[in-house]
**Q** 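Take this structure first; my questions come after.
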Amino acid sequence: QVQLVESGGGSVQAGGSLRLSCAASGYTYSSYCMGWFRQAPGKEREGVAAIYPSGGSTYYADSVKGRFTISQDNAKNTLYLQMNSLKPEDTAMYYCAADLLPDGGSWYELYEYNYWGQGTQVTVSS
């Protein structure tokens, strides 16, 4: 049974940093694409970043490029999202997701992922 558990959310001021974690279990971690998504109140869930543990390829939404970094610890089956220079518009519930996607595929599409965590809230104040 695939389980994804996020942690690390919180409240910060604009310009601050947070690191989110997603502990994965129940499957062969290195074979799945791992993604971070977020959903702000009243908005659709959107892809933030993704990583392919087997090859290390990473992808980012334009809105977070240069500020967020996705990484992994294969030994711990844990995914991370380092968020720097946070802005109020980054305020959202952040979710990690996993599934078997081909590298270079539609990592940003919700329908590509069958496994989701429960989310962790990030609030950035101005």
Side-chain angles (χ1 to χ4, degrees):
Q1 180 180 358
V2 176
Q3 286 192 323
L4 303 172
V5 180
E6 302 98 332
S7 62
S11 297
V12 296
Q13 290 191 327
S17 298
L18 282 174
R19 188 177 81 156
L20 306 183
S21 299
C22 173
S25 62
Y27 66 99
T28 304
Y29 177 80
S30 62
S31 62
Y32 278 55
C33 172
M34 302 292 295
W36 284 103
F37 288 75
R38 67 185 180 186
Q39 187 166 19
K43 294 189 176 181
E44 294 185 351
R45 194 172 297 189
E46 62 176 359
V48 175
I51 188 167
Y52 289 78
S54 59
S57 300
T58 57
Y59 300 89
Y60 296 93
D62 288 343
S63 58
V64 305
K65 279 181 182 176
R67 300 188 299 122
F68 291 10
T69 302
I70 190 170
S71 63
Q72 60 194 0
D73 184 333
N74 287 348
K76 295 181 179 180
N77 286 4
T78 301
L79 176 73
Y80 302 101
L81 186 68
Q82 178 67 43
M83 305 185 295
N84 298 327
S85 302
L86 283 161
K87 304 175 181 180
E89 51 264 44
D90 294 318
T91 295
M93 185 72 80
Y94 283 71
Y95 301 88
C96 71
D99 215 316
L100 291 169
L101 275 71
D103 197 343
S106 303
W107 65 267
Y108 46 86
E109 296 285 7
L110 277 68
Y111 63 78
E112 295 282 9
Y113 298 85
N114 283 308
Y115 306 107
W116 293 83
Q118 83 289 349
T120 185
Q121 178 68 39
V122 171
T123 303
V124 185
S125 59
S126 58

**Q** Indicate if L81 and V12 have the same hydrophobic cluster label, given that clusters are the connected sets of ILVMFWY residues with side-chain heavy-atom separations under 4.5 angstrom.
**A**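 As far as the 4.5 Å side-chain criterion goes, V12 and L81 are connected within one cluster.
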**Q** Please evaluate residues V48 and Y95 with respect to the criterion side chain to side chain contact (heavy atoms under 4.5 Å, CB included), reporting the C-alpha separation (whole Å), side-chain torsions for both, the decisive distance (0.1 Å), and the verdict.
**A** CA-CA 10 Å; V48 175; Y95 301 88; over 6 Å; no
**Q** Is there a path from V5 to V122 through hydrophobic residues (I, L, V, M, F, W, Y) whose side chains come within less than 4.5 Å of each other?
**A**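 Different hydrophobic clusters.
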**Q** Between T123 (side chain) and T91 (backbone), is there a donor-acceptor pair under 3.5 Å?
**A**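 Checking the backbone N and O of T91 against the side chain of T123, no donor-acceptor pair under 3.5 Å is found.
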**Q** Could you tell me the separation between the OG atom of S11 and the CG atom of L86, rounded to the nearest 0.5 Å?
**A**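 The CG atom of L86 is 11.0 Å from OG of S11, to the nearest 0.5 Å.
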**Q** Using ring pair (Phe, Tyr, Trp, His ring centres under 6.0 Å) as the criterion, list what pairs up with F37, not counting sequence neighbours.
**A**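 Partners of F37 under the ring pair (Phe, Tyr, Trp, His ring centres under 6.0 Å) test: Y113, W116.
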**Q** Linking I/L/V/M/F/W/Y whenever any side-chain heavy atoms sit under 4.5 Å apart, do L4 and Y32 land together?
**A**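 Yes; tracing contacts between hydrophobic side chains, which count when under 4.5 Å, links both residues.
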**Q** Set out, in order, the CA-CA distance, both residues' side-chain angles and the distance that settles side chain to side chain contact (heavy atoms under 4.5 Å, CB included) for C33 and I51, then state yes or no.
**A** CA-CA 6 Å; C33 172; I51 188 167; over 6 Å; no
**Q** Hey, what do you get for OG1 (T58) to CH2 (W107), rounding to the nearest 0.5 Å?
**A**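 The OG1 atom of T58 sits 10.0 Å away from the CH2 atom of W107.
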**Q** Rounded to the nearest 0.5 Å, what separates atom CD in Q82 from atom OH in Y80?
**A**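 These two atoms lie 11.5 Å from each other.
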**Q** If you round to the nearest 0.5 Å, how far is CD of E109 from CG of D99?
**A**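 If we round to the nearest 0.5 Å, D99:CG and E109:CD are 13.5 Å apart.
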**Q** Transitively linked via ILVMFWY side-chain contacts under 4.5 Å: V124 with V64?
**A**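 Same hydrophobic cluster.
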**Q** Same cluster or not: are Y60 and M83 linked, directly or through other Ile, Leu, Val, Met, Phe, Trp or Tyr residues, by side-chain heavy atoms under 4.5 angstrom apart?
**A**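 Linked, Y60 and M83 end up in one cluster.
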**Q** Answer yes or no: is there an ion pair linking K65 with D62, defined by an N-O contact shorter than 4.0 Å?
**A**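 Looking at K65 and D62, the cut-off is met.
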**Q** What are the two closest heavy atoms between C96 and E6, and how far apart are they?
**A**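 Closest approach of C96 to E6, heavy atoms only: N-OE2, 2.8 Å.
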**Q** Determine the minimum heavy-atom distance between R38 and S63, stating which atoms define it.
**A**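 In this case the closest contact between R38 and S63 is NH2-OG, 3.5 Å.
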**Q** How are the rings of Y52 and Y59 set relative to one another: parallel (under 30°), tilted (30 to 60°) or perpendicular (over 60°)?
**A**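 Because their plane-to-plane angle is over 60°, the rings of Y52 and Y59 count as perpendicular.
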**Q** For the residue pair Q121 and M93, what are the closest heavy atoms and their distance?
**A**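 For Q121 and M93, the tightest heavy-atom pair comes out as N-SD, 3.5 Å.
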**Q** Please give me the minimum heavy-atom distance between S7 and T120, naming the atom from each residue.
**A**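 Where S7 meets T120 most closely, the heavy atoms are C-OG1, 4.1 Å.
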**Q** Please enumerate all residues that pass side chain to side chain contact (heavy atoms under 4.5 Å, CB included) together with S25, with sequence neighbours excluded.
**A**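 In terms of side chain to side chain contact (heavy atoms under 4.5 Å, CB included), with neighbours along the sequence ignored, S25 is linked to Q3.
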**Q** Would you name the heavy atoms of L110 and R45 that are closest together and state the gap between them?
**A**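 Taking every non-hydrogen atom into account, CD1-O, 3.4 Å.
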**Q** Could you report the tightest heavy-atom contact between I70 and W36, atom names first, then the distance?
**A**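 Scanning both residues completely, I find the closest heavy atoms to be CD1-CD1, 3.6 Å.
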**Q** Enumerate donor-acceptor pairs with a distance under 3.5 Å from any side-chain N or O in residues 14-24 to protein atoms, sequence neighbours excluded.
**A**
unit_1 : atom_1 : unit_2 : atom_2 : d
S17    : OG     : N84    : OD1    : 2.9

**Q** Stepwise, does the side-chain hydrogen bond (donor to acceptor under 3.5 Å, both in side chains) test hold for S57 with D103?
**A** CA-CA 7 Å; S57 300; D103 197 343; 2.7 Å; yes
